2 protein chains.
Amino acid sequence: MPRRAARVPVAPKRRAAEIRAAAAKVFAERGYHNATTQDIAEVLGIRQASLYYYIPTKEAALEAVCLDGAEGYMTRAAAIQRGPGDAAHKLAALLREHLEPLRDRADFVRVFLRERRHLPDASRRRIGRHARRYERIVEQVLKEGARRGEFRRGLDCRMAALAAIGMCNAAAAWYGREPEAPLERISGAFAQLLLEGVSRAQPKPAARRNRANPRRRPDHAER
Amino acid sequence: MPRRAARVPVAPKRRAAEIRAAAAKVFAERGYHNATTQDIAEVLGIRQASLYYYIPTKEAALEAVCLDGAEGYMTRAAAIQRGPGDAAHKLAALLREHLEPLRDRADFVRVFLRERRHLPDASRRRIGRHARRYERIVEQVLKEGARRGEFRRGLDCRMAALAAIGMCNAAAAWYGREPEAPLERISGAFAQLLLEGVSRAQPKPAARRNRANPRRRPDHAER
DNA sequence: GGTGTATTCTATAGGCTTATAGAAACGAAA
DNA sequence: TTTCGTTTCTATAAGCCTATAGAATACACC
């Protein structure tokens, strides 16, 4: 402990992050069960068995990647919920923050979304609880907006929350492959879409284009 | 060929469908690469090797299930697009039809959504083209609505189409586990959400509740 | 140069899975 | 009862993958 000063404190942490990043990349590309530890090792330029110096099992690597991918979502969402601003701004902020990790950590997010179900029961359930709490935060922001009259009264907040989260998570699948779709465009379009469908048209919906936009009146019900 | 009359015509087709259904169930539950042919055989109550009387390879089974899961989407969407009604009704119909297969064929749909990427290149690309054509139909319905002034002018139709499809596909993940969410509620809520976010408020938005709903004016840009 | 820790290596056991070969069982029709 | 096509069975080869054991290397510090 005393003398391995200059090397141990920094490098190991960085190396561990590199291992996780390699695992995330491979799991995201090929799917957990289709990915081999050999694949991960190749990304790192080391031998397959050398990986086991860092991870106890392949499953543990998946768990680490998933935790990493989930990290922060809850916290940031809760901060937005508690923070200042009306419900419309909060919803737009939730969307932005939900999509933001795709910029730098898309692999982690994708593995979290698509592969966490292959975790052993214990950790899968733990992570599942996080996800459900996150859903509830979005739902509550919507409920709060409806309660305050900012959003429409009869709004089905549960479905709306699931829709919002669902469209964002779907974006994780095509982000980067869809041409001409930077995050700003995605979150802007999603916010506008949701807000004008959800809000009763407060002063500040998350509209990016089309400002001078006199609306006609929606007056009839469908069917 | 001449004398196997009474038995061959019916049973084999049904049996083949049972095989596919078993494969779909197992692939949906465990994921393609985690599922074994043994698992499928167990569902059917036969031996693992007996499966190979029906399928040439496990991969072929996946392809059959995916094709089955994708079946009809394109056709029905195209019919809606060409059919009568305004864009709002068409969009609502697209959502309904997109979600409807979850009622009886959820396993197939889920496998199509989550496991098709593990198909060999050729068939994966073929199926991918279908999916993209489907996206384009949704997008065109939106464009048409915007062109005719039924939807808002500056509407980002591409993002809106991806959002709509994304929220529906996300629903495939939680449908059946989410309590109190029959398909009617889902498609109704999604339609209302999208339409009021998308339309410029023509006579008939897909509103189920809240009709008298005078909107205030959205006038400011976000940020 | 010697020492000790961290990191990577070679070699391989052991388990699981797909797919094939060939035999058996089952029925319907002759 | 025999025949014949269909369906399922037993047995197993062959390949792939995870994880372990133990040796070798690198490198900082004395």
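Throughout, protein chains are lettered first and strands after them, A, B, ... in sequence-line order, and every chain is numbered starting at 1. This structure is a prediction, so every number in the text was calculated from the model and none was measured.
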Before accepting this row, confirm whether a basic side-chain N of the pair [X]/[Y] lies closer than 4.0 Å to the acidic partner's carboxylate O.
X         : Y         : answer
Glu184(A) : Arg103(A) : yes
Glu139(A) : Arg136(A) : no
Arg158(A) : Glu178(B) : yes
Glu29(B)  : Lys25(B)  : yes

For the pair made of [atom1] in [X] and [atom2] in [N], what is the distance, rounded to whole Å?
X         : N       : atom1 : atom2 : result
His118(B) : dT18(C) : NE2   : C1'   : 17 Å
Glu18(B)  : dT7(D)  : CD    : C1'   : 13 Å
Glu42(B)  : dT8(D)  : CD    : P     : 16 Å
Asp39(A)  : dC16(D) : CG    : P     : 13 Å
Arg15(A)  : dC27(D) : CZ    : C1'   : 16 Å

Output all residues satisfying side-chain hydrogen bond (donor to acceptor under 3.5 Å, both in side chains) with Thr36(A), sequence neighbours left out; order by chain, then residue number.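 Partners of Thr36(A) by the side-chain hydrogen bond (donor to acceptor under 3.5 Å, both in side chains) criterion, ordered by chain and then number, come out as Asp39(A).
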Residue pairs, two or more places apart or on separate chains, that pass ring-ring contact (aromatic ring centres under 6.0 Å, His included) and touch residues 91-113 of chain A: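 Residue pairs with at least one partner in residues 91-113 of chain A: Tyr73(A)-His98(A), His98(A)-Tyr134(A).
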So which of residues 29-38 of chain A are in contact with DNA chain C, with a heavy-atom cut-off of under 4.0 Å?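 Of all residues in residues 29-38 of chain A, none places a heavy atom under 4.0 Å from DNA chain C.
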Where along residues 44-58 of chain B does a heavy atom fall under 4.0 Å from DNA chain D?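 Ile46(B), Arg47(B), Ala49(B), Ser50(B), Tyr53(B), Tyr54(B), in order of number.
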Please name all residues satisfying ring-ring contact (aromatic ring centres under 6.0 Å, His included) with Tyr32(B), sequence neighbours left out, ordered by chain then number.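 If we apply the ring-ring contact (aromatic ring centres under 6.0 Å, His included) test to Tyr32(B), skipping adjacent residues, the hits are Phe27(B).
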Could I get the full list of side-chain contact (heavy atoms from CB on, under 4.5 Å) partners for Arg82(A), not counting sequence neighbours?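 Arg82(A) satisfies side-chain contact (heavy atoms from CB on, under 4.5 Å) with Ala78(A) once adjacent residues are dropped.
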